[in-house]
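All values derive from a computational prediction rather than experimental measurement. Sequence lines set the chain letters: A, B, ... in the order given, protein chains first and strands last, and positions in each chain run from 1.
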Amino acid sequence: MPAALKLHDTLTRTDREVTPLDGKTLRFYCCGPTVYGPAHIGNFRTFVAQDVMRRVVEASGTATLHVRNITDVDDKTIRDSQKAAQTLLDFTQCWTQKFHTDCAALSLLPPHIEPSAVAHISQQVAMIEKLIAGGHAYAAADGSVYFRVSSFKDYGRLSHLEDRELRLGASEAASATDSDEYTKDSLTDFALWKARKPEDGENFWPSPWGEGRPGWHLECSAMILEYLGEDFDLHSGGVDLIFPHHENEIAQSCCSTHGKFAHHWMHVAHLMVDGGKMSKSIGNLYTLEDLAKRGYSAAEVRYVLISGHYRAPLNFTMHSLDSARQALQKLAKADKALERGTAPLPASPGPFAEAWETLLNDLNVPGAIGSIFGVLNKLKPAALSAEEATATRNGLHFMLQALGLTLPAIADEAAADVPADIQALAQQRWDAKQAKDWAAADILRKQLEAAGWLIKDSKEGFTIIPK
RNA sequence: GGCGAGGUAGCAAAGUGGUAAUGCACUGGUCUGCAAAACCGGUAUGCGCGGGUUCAAUUCCCGCCCUCGCCUCCA
């Protein structure tokens, strides 16, 4: 098996090999969804990219420990659960379930551990206590606790915002009017614990500083410490999380433990729709369900989501889904043509070595897919020996497994039950054709087409396939 | 304003200091009564714009334009 995956690291801005600290298992953390509604395809781009990363690492022979959290307490989950007249728990469990359904449809490998924020309140409180003891945090008069950014000299390293003070001058006027802000010592400080407010309803927990709930950034730091420890291999999320979320995680964790926190940072670029950003108001924010209504499968969505390099913005269009459908069909047909008896489990890229190398180079999925097609296009399946065909098919399956692609049924074979009237019309057409009554045959074919069925003729007869 | 990512054929998207993968779409041929499918081909003298370095630049350097993201709780 070729060498390890080389992956771009946001912190050092270099491509670095991904090798486990313990030499055996790559332990990594992904920021998960906030469960207050269905995730959209932009969210899923990030999760799919992370999934490919994990699959490639595993395909290269390294085990993984994948931790991804569920954010089930924040302003939005509280607000929308109240709107829905549900308890926070019922509300977030419902959306968590929906998330899992979508993930499975997209062939995302489930994380080994999926901790929820509300299930780890005590760990978060403990971390705050450590931070206060170390002089990195302070309780405000209202019972909120804030992280003192000035106490951590490395703050801003990940996002390269070391000169943020200049910027703060400009935004100070706006922030000063926000009633939430005036209890903080500095505008840059962020909340670790938020004091209970009337609008929180029943959603509060006890703490040494009074009733309240944890701050968003803290959740991840506490759960990472619990499951991955003070040092772990890799941390990933969307680019928008670099600042402030990941910056704050680093501050909290490094100031409350002796570890270095994440040793590698992977960030996934955003998905755009029709050349612009996604937004609810424009109405171009799609969920899997939206696309299913338009007849597109999750597998087709996955293909589109990985069809651009994860670090470059990707433009999503309906046409790209059509394109994905055809590409998957082409792969399925190629796979079928290579079928000879039983194929052993895929174990190596075989003739697709170049594609595999491309994938190991910072997860160049589009390059790898291009290379796969390149090999398939040159292939003459009929000329291959059974052994060669099997080896090629194994290699193809190895690559598909690494990319998480499942092949669709080939259109011909997918033929559903043909209604009797359609069958009869098709037979009529065949008879007309045999009688060389081309005009009648063509009219009948058009009728069938209008009804949604295509006819494929061969010497012996015809087949009917859904359009 | 600061920081970051990107601008490659109709659409999407790789890549490289020596003259542009791949998928879709389009198109020519074989086949077919005609189609469909399949198979064999074709389609960017050009890689945002203007300079520079070089024997040679889409690829390196400088400037500019445009798009997208972040700038305190958005993947």
Side-chain angles (χ1 to χ4, degrees), chain A residues 10 13 30-34 39-50 71 74-76 149 156 159-164 166-168 170-171 175 178 180-181 184 187-191 194 215-219 236-245 247-248 267-272 275-279 303-304 307-309 311-331 333 337 354-355 358 364-374 376-377 380 411-412 433 436-439 441-442 445 449 454-459 462-463 465:
Chain A
T10 312
R13 298 190 191 185
C30 303
C31 289
T34 300
H40 55 72
I41 53 172
N43 297 314
F44 280 120
R45 183 191 188 189
T46 298
F47 299 131
V48 168
Q50 292 161 343
T71 295
D74 79 324
D75 290 338
K76 287 177 297 226
V149 167
S159 54
H160 305 271
L161 284 177
E162 282 127 78
D163 56 341
R164 39 205 319 280
L166 291 171
R167 218 172 19 72
L168 283 165
S171 64
S175 299
D178 187 334
D180 273 353
E181 307 291 338
K184 299 198 289 190
L187 284 166
T188 58
D189 293 349
F190 57 90
K194 305 180 93 163
W216 179 53
H217 309 298
L218 188 67
E219 301 173 3
S236 176
V239 280
D240 53 320
L241 296 185
I242 294 173
F243 188 87
H245 186 55
E247 203 70 76
N248 291 353
H267 288 102
V268 183
H270 275 184
L271 186 72
M272 300 195 299
K277 60 177 170 183
M278 288 193 307
S279 91
Y303 189 95
V304 172
S307 68
H309 188 99
R311 287 203 291 133
L314 174 66
N315 191 22
F316 178 90
T317 63
M318 286 301 150
H319 181 256
S320 63
L321 277 171
D322 293 328
S323 181
R325 171 168 299 172
Q326 293 309 118
L328 284 166
Q329 273 292 312
K330 193 166 175 172
L331 286 171
K333 283 173 186 170
E354 183 190 272
T358 303
N364 186 350
V365 174
I369 292 179
S371 171
I372 290 171
F373 277 111
L376 293 176
N377 287 340
K380 305 266 186 275
D412 295 26
K433 185 183 158 170
K436 297 201 190 296
D437 184 354
W438 310 131
D442 287 350
R445 182 162 62 196
E449 220 172 291
L454 293 176
I455 303 296
K456 272 174 68 176
D457 288 344
S458 66
K459 277 181 189 165
F462 59 92
T463 50
I465 56 174

Check every strand shown and say whether A/Asn377 touches a base, only sugar-phosphate, or nothing at a heavy-atom separation below 4.0 Å. sugar-phosphate
How would you label the contact of A/Met318 with the nucleic acid (heavy atoms, under 4.0 Å): base, sugar-phosphate, or nothing? nothing
For A/His40, give me all partners under ring pair (Phe, Tyr, Trp, His ring centres under 6.0 Å), at least two apart in sequence or on another chain. none
Rounded to whole Å, CZ of A/Arg445 lies from P of B/A37 at a distance of 12 Å
When we call it a touch if two heavy atoms are under 4.0 Å apart, what does A/Leu241 touch: a base, just sugar-phosphate, or nothing? sugar-phosphate
Respond yes when some side-chain nitrogen or oxygen of A/Lys333 is under 4.0 Å from OP1 or OP2 of B/A38, and no when none is. yes
Which residues pass the side-chain hydrogen bond (donor to acceptor under 3.5 Å, both in side chains) test with A/Thr10, sequence neighbours left out? A/His267
B/C68 to B/G50 separation - C1' atoms, rounded to the nearest Å: 24 Å
Taking B/G23 as the reference, what is the distance to B/A14 when you measure between their P atoms (whole Å, please)? 15 Å
Could you tell me the separation between the CE atom of A/Met272 and the C1' atom of B/C66, rounded to a whole number of Å? 12 Å
Would you kindly give the CD-to-C1' distance between A/Gln326 and B/C24, to the nearest whole Å? 8 Å
Is the ring centre of A/His270 under 5.5 Å from the base ring centre of B/A75, and are the two planes under 30° apart, so that they stack? yes
Please give the distance between the P atoms of B/A75 and B/A13 as a whole number of Å. 23 Å
May I ask you to verify if any side-chain N or O of A/Lys436 is less than 4.0 angstrom from the OP1 or OP2 atom of B/C34? no
Touch check for A/Ser320, heavy atoms < 4.0 angstrom, all strands: base, sugar-phosphate only, or nothing? nothing
Taking the side chain of A/Asn43 as its heavy atoms from C-beta onward, which of B/C24, B/A75, B/C40 lies nearest to it? B/A75
Interatomic distance at P, B/U45 relative to B/A21, whole Å: 13 Å
Pairwise P distance, B/A44 and B/C11 [rounded to whole Å]: 15 Å
Counting only side-chain heavy atoms from C-beta out, which of B/C11, B/A13, B/A37 sits nearest to A/Pro366? B/A13
Can you find a pair of side-chain heavy atoms, one from A/Ser320 and one from A/Asp322, that are under 4.5 Å apart? no
Over how many whole Å does the gap from A/Asp322 atom CG to B/G10 atom C1' extend? 15 Å
Taking any heavy-atom pair under 4.0 Å as a contact, classify A/His40: base, sugar-phosphate, or nothing. base
Do the side-chain N or O atoms of A/Lys76 get closer than 4.0 angstrom to the phosphate oxygens (OP1, OP2) of B/C74? yes
Would you classify A/Gly238 as touching base, sugar-phosphate or nothing, given that sugar-phosphate means primed atoms plus P, OP1 and OP2, and contacts are heavy atoms under 4.0 Å? sugar-phosphate
Using atom P of each nucleotide, how far apart are B/C40 and B/C31 to the nearest Å? 16 Å
Closest non-hydrogen contact found for A/Ala324 with A/Val304 is CB-CG2, 3.7 Å
Going by side chain to side chain contact (heavy atoms under 4.5 Å, CB included), name the residues that satisfy it together with A/Ile372, two or more places apart in sequence or in a different chain. A/Leu331, A/Phe352, A/Ala355, A/Leu376, A/Leu396, A/Met399, A/Leu403
State whether A/Asn364 places a side-chain N or O below 4.0 Å from either non-bridging phosphate oxygen (OP1 or OP2) of B/G15. yes
Who passes side-chain hydrogen bond (donor to acceptor under 3.5 Å, both in side chains) against A/Arg445, sequence neighbours left out? none
Atom CD1 of A/Ile242 and atom P of B/A75 are separated, to the nearest Å, by 14 Å
Mind checking A/Leu314 for me? I need base, sugar-phosphate or nothing, with any heavy atom below 4.0 Å counting as a touch. sugar-phosphate
Ring-plane angle category for A/Phe190 and A/His217, please: parallel below 30°, perpendicular beyond 60°, tilted otherwise. perpendicular
Distance test, side-chain N/O of A/Lys433 to OP1/OP2 of B/G33, below 4.0 Å: no
Quick one: the side chain of A/Thr46 and the base of B/A75, do they pair up donor-acceptor inside 3.5 Å? yes
For the side chain of A/Arg325 and the base of B/C24, is some donor closer than 3.5 Å to an acceptor across the two? no
Return the set of residues passing side-chain hydrogen bond (donor to acceptor under 3.5 Å, both in side chains) with A/Asp437 (not counting sequence neighbours), or none when no residue passes. none
When the distance from NZ of A/Lys330 to C1' of B/C24 is rounded to whole Å, what number comes out? 10 Å
How many whole angstroms separate atom CD1 of A/Ile369 from atom P of B/A12? 17 Å
Taking only N and O in the side chain of A/Asn315, is any of them less than 4.0 Å away from OP1 or OP2 of B/A12? yes
Using the ring pair (Phe, Tyr, Trp, His ring centres under 6.0 Å) criterion, which residues pair with A/Phe47? Sequence neighbours excluded. A/Phe99
Need one value for A/His245: base, sugar-phosphate or nothing, where a base atom within 4.0 Å counts as base even if backbone is also close, heavy atoms only. nothing
How far, in whole Å, is B/G15 from B/A20 if one measures between their C1' atoms? 8 Å
Between protein and nucleic acid, restricted to nucleotides 4-8 of chain B and to nitrogen or oxygen atoms under 3.5 Å apart, what atom pairs and distances do you find?
{"unit_1": "B/G4", "atom_1": "OP1", "unit_2": "A/Arg13", "atom_2": "NH1", "d": "2.9"}
{"unit_1": "B/A5", "atom_1": "O2'", "unit_2": "A/Arg311", "atom_2": "O", "d": "3.3"}

Assign each of A/Gly32 and A/Phe373 to its nearest nucleotide of RNA chain B by heavy atoms, then name whichever residue's nucleotide is nearer the 5' end. A/Phe373
Separation of the P atoms in B/C60 and B/U16, to the nearest angstrom: 10 Å
Taking both distances under 3.5 Å as the test for a Watson-Crick or G-U pair, what stems of at least three pairs does RNA chain B have? B:1-7 with B:65-71, B:10-12 with B:22-24, B:26-30 with B:38-42, B:48-52 with B:60-64
Under the rule for side-chain hydrogen bond (donor to acceptor under 3.5 Å, both in side chains), what residues qualify as partners of A/Asp457, not counting sequence neighbours? A/Arg429, A/Lys433
Roughly how many Å is it from NE2 in A/His319 to P in B/C24, rounded to a whole number? 10 Å
Set out, in order, the CA-CA distance, both residues' side-chain angles and the distance that settles side chain to side chain contact (heavy atoms under 4.5 Å, CB included) for A/Glu449 and A/Leu454, then state yes or no. CA-CA 6 Å; A/Glu449 220 172 291; A/Leu454 293 176; 3.7 Å; yes
Nearest-nucleotide 5' precedence on RNA chain B, A/Val268 against A/Phe190: A/Phe190
For the residue pair A/Tyr303 and A/Ile369, establish whether any side-chain heavy-atom pair is separated by less than 4.5 Å. yes
Backbone of A/Cys30 reached by a side-chain donor or acceptor of A/Gln50 within 3.5 Å: no
For a quick check of understanding: with a heavy-atom distance under 4.0 Å over all strands, which category does A/Gly237 fall into, base, sugar-phosphate or nothing? sugar-phosphate
